[in-house]
Amino acid sequence: MQDTIFALSSGPPPAGIAVLRISGPQAGGAIRTLANRLPPPRMASLALLRDPADGVALDRALILWLPGPGTVTGEDMAEIHCHGGRAVIAAIEAVLDAMPGLRRADAGEFTRRAFEHGRMDLNAVEGLSDLLAAETQNQRRAALSMAEGHFSRRIDAWRERLLGLSAMAEAALDFSDEDDVPDAGIEKEIGTRLAGLATDIETVLGAPPAERLRDGVRVILAGPPNAGKSTLLNALVGRDAAIVSAIAGTTRDRIEVPAAINGVAYLFTDTAGLRDDAGDEIEAVGIDRARTAMEAADIILWLGEADTMPRTDAILVAAQSDRLGPDRPGLPVSAHTGEGMPGLLAALAKRASALLPREGDLALHRRQRILVAQLSDHIKAAREQRDLLIIAEELRLARSRLDELTGQASTEDMLDRLFSGFCIGK
């Protein structure tokens, strides 16, 4: 019999209300022990909770009894909505901990049980993880879409199409001499359907990745020493994140600062000033790291001369326009006076919108993209084949990639890493 687990599922105390969640075969017994009764299923009931050891009152709380399997974990569950003081929570947890068959939940264990009982697939789990970590509205929308099963329903549709194609290929192989099975036309029909499926899969693969939503659009501020990079970084993120000095070579290493601006997550990076004659070995290393950062940048804000721009798609910024004047190539910006800052933010937002998933798009993680790419490869291989036996095998392999996407064929190590990232009580 599986252990019954419990944990605080609401925020850390003190709080107005705390929610203690219990899941497993002893969930109903735990509530009966505390409240001396079991309330009607799925109806909140007010009860005085007592310590069964001595009858001392613990708290007056709302209790809920949620019999499985129609629960979030797929097993019997109960909830206690008590006052959110530290002493109240500690007293109730101590009583639960002393009950036979009950133990404190591990990180992510409630969600893992939901996955194991088929209440969520792996994509919904990953979406829930992103939803808990979401800090911008774009992150929230994409994570909620994944958690609500939008991608999983797309996978189900792919599976149905693959099953239909597999059935056609098997019929052609096994019953080609029967009158009610098409002969030569079936290969053409399989090819047509495979082409449509390949297009749908490539559309999903072509969407921007979820990591850019989660980690932020990578914006590198680059240029020669004393070009105003650190001052501009501080103005963009709204705080003194980088040291500002008139001494050349002050910034010697990359300074990364995450910031959310108008609902978009960015990762701004201040870099060492680029010059050929580095003052010392440490500055030379910083310059090398600056060049490496620019190679991986989504957007470069170039604060140097126009003819030295590192990439044609860099945004040329005529920084320090209050001191050096606005009559220079590039977007005139003064971090001190605020001149040009709205225009710079608008340019960043326009670039970011092209790099981020649009509302309604599926934003896939690296694990998902790898498996969808492998799925695409099997579809491509099937389209290139004339031998129906090999086509049938490629379709079978394609279906196995779908099983990996939903978690029906996942390694224990991968699952352990995923669920360990959740908080206790989720």
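Numbering starts at 1 and runs along the sequence shown. Values below: all heavy atoms of this structure, side chains included; hydrogens, waters and symmetry mates excluded.
- The backbone N or O of Arg141 lies less than 3.5 Å from no partner atom in the side chain of Ser145, so there is not a single donor-acceptor pair.
- Salt-bridge formation is detected for the pair Glu393/Arg396: a Lys NZ or Arg NE/NH1/NH2 atom is positioned less than 4.0 Å from an Asp or Glu carboxylate oxygen.
- Residues passing the ring-ring contact (aromatic ring centres under 6.0 Å, His included) test with Phe268, sequence neighbours excluded: Tyr266.
- Of the possible polar contacts, none joining the Ser321 side chain to the Pro332 backbone as a donor-acceptor pair under 3.5 Å is found.
- Side chain of Arg113 to backbone of Gly74: no donor-acceptor contact under 3.5 angstrom is found.
- Proximity of a side-chain donor or acceptor of Lys229 to a complementary backbone N or O of Pro224 within less than 3.5 Å is detected.
- Glu394 places a side-chain heavy atom less than 4.5 Å from the side chain of Leu397.
- Using a 4.0 Å cut-off between charged nitrogen and carboxylate oxygen, Arg159 and Asp156 count as a salt-bridge pair.
- Under the 4.0 Å criterion applied to side-chain N and carboxylate O atoms, Asp200 and Arg154 are assigned as salt-bridge partners.
- A donor-acceptor distance shorter than 3.5 angstrom exists from the side chain of Arg218 to the backbone of Ala296, with no hydrogens or angles considered.
- The closest donor-acceptor contact from the side chain of Arg351 to the backbone of Asp313 lies under 3.5 Å.
- Listed by chain and residue number, Ser334 satisfy the side chain to side chain donor-acceptor pair (under 3.5 Å) test with Thr337 (two or more places apart in sequence, or in another chain).
- For Thr308 (side chain) and Glu305 (main-chain N/O), a donor-acceptor pair under 3.5 Å exists by modelled atom type.
- Closest non-hydrogen pair, Gly304 versus Leu316, comes out as O-CD1, 3.5 Å.
- A donor-acceptor pair is defined here as one N or O able to donate and one able to accept, closer than 3.5 Å; no such pair exists between the side chain of Asp3 and the backbone of Ile5.
- A salt bridge is absent between Arg291 and Glu295: the closest approach of a Lys/Arg side-chain nitrogen to an acidic carboxylate oxygen does not fall below 4.0 angstrom.
- Sequence neighbours left out, the pairs with a member in residues 5-25 that pass side chain to side chain donor-acceptor pair (under 3.5 Å) are Ser23-Thr73, Ser23-Glu75.
- Between the side chain of Gln320 and the main chain of Ala227, a donor-acceptor pair closer than 3.5 Å is present.
- Between Val257 and Asp270 there is no side-chain heavy-atom pair separated by less than 4.5 Å.
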